[in-house]
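Below is one structure, written out as structure tokens; the observations come after it.
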Amino acid sequence: MDAIELFTDTVRDYIAAQGITVTEFARRIGCKERCAARWLNGTNRPSTEYVLLAADALHCSVDFLFARTDSPALTPARSPSRFAERLCGLIGESGRNKRTLAREWGVEPSTVTKWLHGASLPKPDRVYRLADFFGCSMDFLLGRTDAA
């Protein structure tokens with residue numbers, strides 16, 4: 001099962017447990033019902049921005065939504081960081097340069113540059129793989145928590 005399938009399964013289960021409809025879920029995250037329904041039936045994939053909105057709306061961690069943890073709890077960062085800041089720090093700690101890492105990750109160096117400058121966020125499945133690569137949580141990488 002890929003990362004997005006894990007996300008959609010968890011969101012489906014969680015909104016059912018919360019007793020809300022897809023319409024209510026979509027309203028809470030600020031998207032159209034048809035958009036959320038397409039994620040949940042697997043015909044479309046959410047952006048990382050919408051994954052973050054879903055985690056906020058459902059009051060849970062991104063790692064929980066991707067079945068990386070059994071607990072929905074999130075200990076918020078004392079001072080939330082941006083993805084770009086966290087990625088820069090993790091790259092620095094790795095001792096590798098971004099060109100080498102881009103090759104290992106299967107992306108263009110310009111893509112890593114865009115991430116580091118905050119011009120874009122990687123897709124959710126890429127965030128999942130980056131968290132695995134660095135041995136940290138998705139929420140840490142996305143700047144939502146201080147707990148790696």
Side-chain angles (χ1 to χ4, degrees), residues 1-15 17 22 25-26 28-148:
M1 186 174 289
D2 80 358
I4 298 300
E5 290 170 337
L6 293 168
F7 169 81
T8 57
D9 284 352
T10 305
V11 169
R12 251 189 259 116
D13 293 346
Y14 203 59
I15 64 176
V22 173
F25 169 69
R28 287 184 186 183
I29 65 170
C31 74
K32 296 183 189 262
E33 177 186 5
R34 139 182 96 227
C35 181
R38 287 180 181 156
W39 303 335
L40 297 174
N41 71 23
T43 58
N44 207 347
R45 297 167 94 69
S47 66
T48 299
E49 291 85 349
Y50 276 123
V51 167
L52 290 166
L53 290 169
D56 289 344
L58 298 174
H59 309 289
C60 64
S61 70
V62 171
D63 288 281
F64 175 77
L65 293 178
F66 282 83
R68 294 169 61 94
T69 181
D70 293 333
S71 172
L74 172 72
T75 303
R78 284 189 198 101
S79 179
S81 297
R82 293 178 26 240
F83 168 80
E85 294 165 356
R86 289 286 169 89
L87 182 63
C88 184
L90 290 165
I91 288 173
E93 290 173 14
S94 77
R96 295 182 177 114
N97 67 43
K98 69 180 179 184
R99 185 171 300 290
T100 300
L101 290 172
R103 191 173 33 255
E104 289 180 39
W105 298 336
V107 298
E108 293 296 320
S110 62
T111 300
V112 177
T113 299
K114 288 176 186 174
W115 296 343
L116 290 170
H117 289 282
S120 68
L121 284 173
K123 293 181 179 180
D125 53 339
R126 178 71 62 185
V127 175
Y128 185 98
R129 291 193 305 268
L130 289 171
D132 280 349
F133 180 86
F134 286 115
C136 65
S137 70
M138 293 174 75
D139 289 289
F140 177 81
L141 187 55
L142 292 166
R144 299 181 78 227
T145 187
D146 294 325

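Throughout, residue positions are numbered sequentially from 1 according to the sequence presented.
P72 meets the side-chain contact (heavy atoms from CB on, under 4.5 Å) test with Y14, C60, F64; sequence neighbours excluded. Qualifying side-chain hydrogen bond (donor to acceptor under 3.5 Å, both in side chains) partners for D146, counting only residues two or more places apart in sequence or in other chains: R86. Listed by chain and residue number, nothing satisfies the ring pair (Phe, Tyr, Trp, His ring centres under 6.0 Å) test with F140 (two or more places apart in sequence, or in another chain). The salt bridge (Lys or Arg N to Asp or Glu O under 4.0 Å) check on E108 picks up nothing, with sequence neighbours excluded. For R12, the salt bridge (Lys or Arg N to Asp or Glu O under 4.0 Å) criterion is met by D9, not counting sequence neighbours. Remark: S79 engages no residue in a side-chain contact (heavy atoms from CB on, under 4.5 Å) (not counting sequence neighbours). A search for ring pair (Phe, Tyr, Trp, His ring centres under 6.0 Å) contacts involving F7 returns F66, not counting sequence neighbours. For R82, the salt bridge (Lys or Arg N to Asp or Glu O under 4.0 Å) partners are E85, not counting sequence neighbours. Partners of R68 according to the salt bridge (Lys or Arg N to Asp or Glu O under 4.0 Å) rule, which considers only residues two or more places apart in sequence or in another chain, are D63, D132.
One finds the SG atom of C31 at 4.0 Å from the CH2 atom of W39 (value rounded to the nearest 0.5 Å). Between the CG atom in L130 and the CG atom in L142 there is a gap of 9.5 Å [rounded to 0.5 Å].
For residues 96-107, the set of pairs meeting the side-chain hydrogen bond (donor to acceptor under 3.5 Å, both in side chains) definition, not counting sequence neighbours, comprises R96-E104, N97-T100, K98-T113. The salt bridge (Lys or Arg N to Asp or Glu O under 4.0 Å) contacts involving residues 69-79 comprise nothing, where partners must be two or more places apart or lie in separate chains.
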Practice task
Could you walk me through whether K114 and T111 pass side chain to side chain contact (heavy atoms under 4.5 Å, CB included), step by step?
Solution key: CA-CA 5 Å; K114 288 176 186 174; T111 300; 5.6 Å; no
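For the residue pair L90 and C136, the shortest heavy atom distance occurs at CD1-SG, 4.1 Å.
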Tabulate below the donor-acceptor pairs under 3.5 Å that side-chain atoms of residues 42-52 make, not counting sequence neighbours, or state none.
residue: T43; atom: OG1; partner: R38; partner atom: O; Å: 3.4
residue: T43; atom: OG1; partner: N41; partner atom: OD1; Å: 2.8
residue: R45; atom: NH2; partner: D2; partner atom: OD2; Å: 3.0
residue: S47; atom: OG; partner: E49; partner atom: N; Å: 3.4
residue: S47; atom: OG; partner: E49; partner atom: OE1; Å: 3.4
residue: S47; atom: OG; partner: Y50; partner atom: N; Å: 3.2
residue: T48; atom: OG1; partner: P122; partner atom: O; Å: 2.4

